[in-house]
2 protein chains.
Amino acid sequence: MAALDRSLISRLLLFQGLTPDEQSEILRDARSSRYAKETAIFEQEAEAHSFFVLIAGHIRVVRTTPDGQQVIARYISEGEIFGVAAALGRTTYPASAIAAVDCVVLAWPNALWPDLAGRFPVFGAATYRTVGTRLQETQTRVVEMSTEQVEQRVAHALLRLANQTGRKTDSGIEIDFPISRQDIAEMTGTTLHTVSRLLSKWEDNGIIVSGRQKVTVKDAHRLVVLAENRDKR
Amino acid sequence: MAALDRSLISRLLLFQGLTPDEQSEILRDARSSRYAKETAIFEQEAEAHSFFVLIAGHIRVVRTTPDGQQVIARYISEGEIFGVAAALGRTTYPASAIAAVDCVVLAWPNALWPDLAGRFPVFGAATYRTVGTRLQETQTRVVEMSTEQVEQRVAHALLRLANQTGRKTDSGIEIDFPISRQDIAEMTGTTLHTVSRLLSKWEDNGIIVSGRQKVTVKDAHRLVVLAENRDKR
DNA sequence: GGAACAATTTGCGCTGGCGCAAACTCAAGA
DNA sequence: TCTTGAGTTTGCGCCAGCGCAAATTGTTCC
C-alpha cells in the first residue's frame, strides 16, 4: 500500500496549524476508500470502528425512525470530519452516512483517536470546534422546526445548501449534487408534495430554477426575505 | 474565601475516576455561586467566560429567536456540566441558562479549560461524552419534530422529564420543579393551549395528575403507548 | 382578608399543509 | 426506438392544531 499524499489534506481547515511532517504522520494511519453513489459509509446503530474525513463528494447523514421514516440530519461537504463517535465516547453511530455522489473518504480506526488527539492538539480542537458548530446548527434546526412555517423552513434549507455546497454558475448558485424533492422534505419535516408546490411557485416568481434532482438559486436575496418572513404570530 | 469541599462533587458522575486529591485540585479553581429562581446564569450571545456544573437546582436552557419567541433547548439537572462553550471552541453562549428554581452552581473560567482537560483526561472525556449525548438528544428531537404529531411529542417530553428529573412519590412520578404549560409548549413546538387540552384529557384518563406548574405522571406505561403511537402515516 | 395578577381551561372558527390519487416528464437501458 | 421506472407536478378534500377570546382558578402581596 502506497503512502497517501499529504496534498490530500494539507489544504483542509481541519489540518491547519499542523506542520507538513505532522500532516504526513497523521496520514500514515489513514486508509483511503471510495464509495459509489448511494452506498453507505456506515450504518445507524452499527458498532463505530472508525472516524472519517471526506476528501471528495457529498455525504448525506440520515436518521431512520423505528417505523422507517427518514430524516436527513445534515450533508457533509469536502474537507469535513464525520462519524466522530470516538471523540464523543460513543460506541455506535447515531445515524447512517450515505454517499450522495461517488465519494473518496479517509478513515482512521477509532482506537487511534485518543493518541492522535493527544499528539496533535490543534487537530483535536478543530474536531471539537466542528462538533460545537454541529450542535449549534442542530439546535437552530429545532428552533426553526418549532417556530417557523414550512415555507420558511424550506427557504432556510435551500439557502444553507446554497451557502455550504453551492457552485456559482452564470445562472445562479447551483447545488452541486443531486437532491430530490423528497430529500428536501426530509430536511425540513414536510412532504415532497409541499416542497414541489413551493419550488414551483418560486420558479414562477423567478427566485429559483429547478429540475430533476437539481435546484439553482437565482435570487438568494428574495429567498432570504421568504426565510425571515416575520408575518404570522 | 474558604476552599470548597470535595464532597460537593465527589459523588458526581462527571468527576468519577479522579482521585480525591485530584477532585480537590479541580475544585481549587472553581467558584461557587447561588442564583435565585428565574435569574440568568448566562445569556445567549454573551461572551463566554466560564463553564459550569450544577450542584443544586434545575436550569432551563432557552434559545430566543430574533422576533422574541422562546424555545427550551433542555433542562439541566444536578451534577451536569453546562455552558461548555470553551470545550467546543466557541466564544459566545448559544443560549441562555435560567435558574428554574434557586440554584447552586460551580464556575470555572474558560481560560482554564485546556489546562484542566489536559491534566485530568477522564474529566475531559466525561465532558465530551456529555456533549455527545446532547448532540444525539438534540438530533432525536429534530426527528421527533419532523415525524410525530403534537400529542406524541408532548408525551415524549413528559416521559423524558419524568425520567431525568422525576421524583417518585406514592401517587406517581412527580416532576420536581415548577413547569408551566407554556414551558412544555416551548419544549415541544406547540402552544400552551394545545398542551393544556392534552393534559386535561390525560388527567381525565387517569394517566397524569397536574396542577399549577406541576405535573405528576401516574401511568407512565400508557404515556409510552401514546408517545409511540404508530397510527398515522 | 381581599385585590391584583399569573396560570390554566375551554369554546369556536379557520387554515396550512397533509394524505391520496392521478397525470406527467425525463433519463437510462434494452 | 420503445419501455420502464423514478422523480415530479397538481387537484381535491380534510383535519390537527393554531389564533383569538373569555371565563375560571389558584397565588401572592398588600
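Lettering follows sequence order; numbering is per chain, from 1. As the structure is a computational prediction, the values presented were derived from the model and not from experiment.
At the heavy-atom level, B/Ser180 lies under 4.0 Å from the strands shown only through sugar-phosphate atoms.
Remark: C1' of D/dC18 and CD of A/Gln149 are 10 Å apart, rounded to the nearest angstrom. Taking atom CD of B/Glu186 as the reference point, atom P of D/dC18 lies 13 Å away to the nearest angstrom. Note: CD (A/Glu151) to P (C/dT15) measures 17 Å, nearest angstrom. B/Ile184 places its CD1 atom 16 Å from the P atom of D/dG17, with the value rounded to the nearest Å. As a whole-Å value, the separation of B/Lys37 NZ from C/dA6 P is 14 Å. For the pair B/Leu192 CG and D/dA22 P, the interatomic distance rounds to 17 Å; values are reported in whole Å. Atom CD in A/Glu203 sits about 14 Å away from atom C1' in C/dT25, given to the nearest Å. Regarding B/Leu198, its CG atom lies at a distance of 12 Å from the P atom of C/dT10, rounded to whole Å.
The base of C/dA7 lies outside donor-acceptor range of the side chain of B/Arg181, with no N or O pair under 3.5 Å. The base of D/dT8 does not come close enough to the side chain of A/His193 for any donor and acceptor atom to sit less than 3.5 Å apart.
Which of C/dC18, D/dC18, D/dT10 sits closest to the side chain of A/Ser200 comes down to D/dT10. Here the side chain of A/Gln213 is nearest to one of C/dC18, D/dT8, D/dG26, namely D/dT8. Proximity note for B/Arg197 (side chain, C-beta onward) versus C/dA27, D/dT9, D/dC20: the nearest is D/dC20.
With the nearest nucleotide of DNA chain D identified for both A/Thr194 and A/Arg212, A/Arg212 has the one nearer the 5' end.
Contact annotation: A/Ser196 side-chain N/O to D/dG7 OP1/OP2 distance is not under 4.0 Å.
Applying the ring pair (Phe, Tyr, Trp, His ring centres under 6.0 Å) criterion to A/Phe52, with sequence neighbours excluded, gives A/Phe42, A/Phe82.
Taking each heavy atom of A/His156 and A/Ala227 in turn, the nearest pair found is CE1-O, 3.4 Å.
Looking only at distances, no side-chain donor or acceptor of A/Thr64 sits under 3.5 Å from a matching main-chain atom of A/Gln70. The backbone N or O of B/Gln139 lies less than 3.5 Å from no partner atom in the side chain of A/Arg141, so there is not a single donor-acceptor pair. The backbone N or O of B/Leu135 sits nowhere less than 3.5 Å from a side-chain atom of A/Arg134 that would complete a donor-acceptor pair.
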